[in-house]
Asker: 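Take a look at the following structure, please.
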Amino acid sequence: MPERFREDDFHAFIRSHASALGPHVLQGPGDDLAVMDFHGHALLMGVDQVIEGVHFLPGTAPEAIGRKAVTRNISDVAAMACRPVATLASCVLPMDVSPAFAQRLVDAVRRTAQQFNAPLVGGDTALHRSQGPLTLSVTVLAEPLSPTRPPVLRSTAKADDRLFVTGLLGGSLRPDGSGRHLDFEPRVDEAEALATTLGESLHAMMDLSDGLAQDAARMALASGLQAVIDAAALPCSPGCGWRNAMGDGEDYELLLAVGGGRAVPSHVGRGRTPTRAIGLMRAMPKPDAPRVICMLNDIEIAVEHLGRFNDGQVDGA
Ligand SMILES: [Mg+2]
């Protein structure tokens with residue numbers, strides 16, 4: 001058993017029982033959402049939670065908690081260039097929570113879900129019997145943008161694809177718990193614009209939740225490749241450097257692999273969100289090579305230790 005049982009371990013466990021998944025599972029665990037064949041139509045689904053002390057600090061407003069619980073799921077829908085359809089929510093509340101706080105929390109979930117055209121269609125609540133953190137889990141259902149535009153996976157990047165990111169990276173989660181991680185805009189609109197503009201040249205995409213170092217490594221691993229990132233090209237948030245961009249996490253921006261020399265618009269979506277070329281995918285130079293390397297002044301820097309899983313910060317994005 002691993003020292004800590006993480007999301008990737010859970011997914012590997014499910015895949016180890018792949019024969020139980022049946023013929024309707026088109027894409028099992030390991031991508032941003034699972035994909036099911038539902039009577040001839042693709043239905044996507046995912047689940048993600050926020051936990052007090054892990055994804056937000058005590059004292060955070062219930063409106064911000066409810067919003068983040070929904071938006072981090074909507075970000076996974078954007079990651080696959082799909083459209084959200086519906087949400088469900090399940091929360092475990094502290095034993096001493098006030099009804100007014102709980103009401104504000106679930107209303108934030110409902111309003112945020114509605115904002116992204118994914119109405120809250122059901123849910124459940126429970127109270128801790130002893131001291132325990134607020135935990136709010138949201139399930140999202142989604143559909144492809146059209147029958148001719150299937151979900152964009154993270155496992156289909158190709159050698160020589162160029163890598164791009166949207167927005168700015170780093171500094172999303174400040175030490176006091178505040179920051180962009182509470183009020184980021186999921187890149188649904190940007191993902192649709194990219195999928196429409198790039199068509200089949202958009203080989204792979206995912207959202208960035210655990211830091212570029214970790215997430216680019218995941219895309220590279222899933223695609224059987226190595227990601228090479230140019231540190232000087234990273235679009236860093238104000239006050240941040242390339243290490244923050246690689247390792248801070250909670251950015252909820254898009255990472256995309258684009259093939260065929262296809263031009264990528266410098267700004268996408270209604271919000272004119274910037275895109276930036278940051279590197280490329282290439283064949284693994286040797287079987288035990290790292291899945292992601294970072295180049296700075298022609299020097300190869302190991303970055304696999306960066307990211308939310310490995311730097312001692314809070315876990316679980
Ligand atoms: Mg994701």
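Counting starts at 1 for both ligands and their atoms, in listed order.
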Asker: Going by an N to O cut-off under 4.0 Å, is there a salt bridge joining E63 and R110?
Answerer: no

Asker: Treating D248 as the side-chain partner and G171 as the backbone partner, does any N or O pair qualify as donor plus acceptor under 3.5 Å?
Answerer: yes

Asker: Counting only protein atoms, how many N/O/S atoms are less than 2.8 Å away from the Mg ion (ligand 1)?
Answerer: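 N, O or S atoms of the protein closer than 2.8 Å: 3.
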
Asker: Looking only at side chains, do Y252 and R72 share a donor and an acceptor under 3.5 Å apart?
Answerer: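 Y252 vs R72: donor-acceptor pair found between side chains.
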
Asker: Looking at R180 and D251, does any basic side-chain N land under 4.0 Å from a carboxylate oxygen?
Answerer: yes

Asker: Could you check whether D210 pairs with R218 (Lys NZ or Arg NE/NH1/NH2 to Asp/Glu carboxylate O, under 4.0 Å)?
Answerer: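 Salt bridge flag = yes for R218 with D210.
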
Asker: Run the numbers on D76 and V140 for side-chain contact (heavy atoms from CB on, under 4.5 Å), then give the verdict.
Answerer: CA-CA 9 Å; D76 282 329; V140 67; 5.6 Å; no

